[in-house]
Engineer: 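For reference, the structure I am asking about is given below.
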Amino acid sequence: MRFPRFVEAVSRRSELPTEQAATISRAVLQTLADRLTGGESADLAAQLPDELSGYLTAPAGGGWDGGAVTFLGRVADRAGVDPAVAEVGTRAVLETLREAVTVGEFRDLVAQLPKGFDAMVDPIPRPPYDR
């Protein structure tokens, strides 16, 4: 999924203007890069086009422990929006990432999100049981 299509999907889901959706998409990916540990940022970046993966591979501290409020605050600061807009945009970015990467990679990403993000991420379908 190329960056313009990604941004269009985020814009549609969040009902934000395209330019703002692009800014929030970048902010969420950069904040994820700050949060993810154990090579997860690189794993996620490997499944995204260069235009998106560059935001995940930028040098970052990695692994800070902040919760959902801290995460959304960082997104809001980076995007220059209020926390409510950051939350709507973050939800849209996560939903779009869910479509853009494999189920396994999305599960790995969700496992490293702060507590409190459960409500922002739709349940991941479980594989069907073999009968």
Side-chain angles (χ1 to χ4, degrees):
M1 177 179 289
R2 292 281 184 218
F3 190 66
R5 287 191 58 211
F6 189 92
V7 169
E8 286 171 17
V10 170
S11 177
R12 184 180 64 252
R13 287 184 167 103
S14 63
E15 298 181 359
L16 295 171
T18 304
E19 186 174 307
Q20 195 171 39
T23 300
I24 289 175
S25 295
R26 289 182 196 102
V28 170
L29 293 172
Q30 290 168 336
T31 305
L32 284 172
D34 290 345
R35 171 77 191 189
L36 300 176
T37 61
E40 185 54 36
S41 184
D43 292 347
L44 182 60
Q47 292 193 20
L48 297 171
D50 290 343
E51 301 149 306
L52 292 170
S53 65
Y55 297 109
L56 287 162
T57 57
W64 54 269
D65 265 354
V69 172
T70 303
F71 187 96
L72 293 173
R74 288 182 177 210
V75 171
D77 289 346
R78 281 187 164 127
V81 298
D82 65 59
V85 173
E87 183 174 351
V88 168
T90 298
R91 183 184 309 265
V93 169
L94 291 173
E95 289 173 2
T96 305
L97 279 173
R98 183 177 180 184
E99 290 181 356
V101 300
T102 64
V103 170
E105 186 55 43
F106 191 74
R107 283 186 180 153
D108 292 347
L109 165 65
V110 170
Q112 290 198 31
L113 290 176
K115 291 193 186 318
F117 264 72
D118 298 348
M120 295 185 87
V121 181
D122 290 332
I124 301 168
R126 297 189 188 278
Y129 292 105
D130 292 330
R131 293 182 187 202

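Quick caveat, the model's predicted, so the values are computed rather than measured. One-based numbering along the sequence shown.
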Engineer: Quick one: side chain to side chain donor-acceptor pair (under 3.5 Å) partners of Gln47, sequence neighbours excluded?
Structural biologist: Thr102
Engineer: Going by the side chain to side chain contact (heavy atoms under 4.5 Å, CB included) test, name the single residue among Asp108, Val103, Val110 that passes it with Phe106.
Structural biologist: Val110
Engineer: Calculate, to the nearest 0.5 Å, the distance between atoms CG and CG belonging to Leu94 and Leu32 respectively.
Structural biologist: 6.5 Å
Engineer: At what distance, to the nearest 0.5 angstrom, does CD of Glu19 lie from OG of Ser11?
Structural biologist: 11.0 Å
Engineer: I'd like to know if Arg91 pairs up with Glu87 as an ion pair, taking the criterion as any Lys NZ or Arg NE/NH1/NH2 lying under 4.0 Å from an Asp or Glu carboxylate oxygen.
Structural biologist: yes
Engineer: Might you point out which heavy atoms bring Thr18 and Val7 nearest each other, and give the distance in Å?
Structural biologist: O-CG1, 3.4 Å
Engineer: Can you give each donor-acceptor pair under 3.5 Å made by side-chain atoms of residues 66-82, sequence neighbours left out, with the distance rounded to 0.1 Å?
Structural biologist:
{"from": "Arg78", "atom 1": "NH1", "to": "Thr31", "atom 2": "OG1", "distance (Å)": "2.8"}
{"from": "Arg78", "atom 1": "NH1", "to": "Asp34", "atom 2": "OD2", "distance (Å)": "3.0"}
{"from": "Arg78", "atom 1": "NH2", "to": "Asp34", "atom 2": "OD2", "distance (Å)": "2.6"}
{"from": "Asp82", "atom 1": "OD1", "to": "Ala84", "atom 2": "N", "distance (Å)": "3.0"}
{"from": "Asp82", "atom 1": "OD1", "to": "Val85", "atom 2": "N", "distance (Å)": "3.0"}

Engineer: To the nearest 0.5 Å, what is the distance between OG (Ser25) and CD (Glu51)?
Structural biologist: 12.0 Å
Engineer: Can a donor-acceptor pair be found, under 3.5 Å and without considering hydrogens, that links the side chain of Thr96 to the backbone of Ala92?
Structural biologist: yes
Engineer: Report whether Phe3 and Leu44 are members of the same hydrophobic cluster (ILVMFWY, side-chain heavy atoms less than 4.5 Å apart, transitive linking).
Structural biologist: yes
Engineer: Between CG of Leu29 and CG of Leu97, what distance do you get to the nearest 0.5 Å?
Structural biologist: 6.0 Å
Engineer: Do Arg35 side-chain atoms and Gln112 backbone N/O form a donor-acceptor pair below 3.5 Å?
Structural biologist: yes
Engineer: Let me confirm one number: the CZ-CZ distance from Arg107 to Arg98, rounded to the nearest 0.5 Å.
Structural biologist: 9.0 Å
Engineer: Kindly compute the distance separating CZ (Arg26) from CZ (Phe6), expressed to the nearest 0.5 Å.
Structural biologist: 11.5 Å
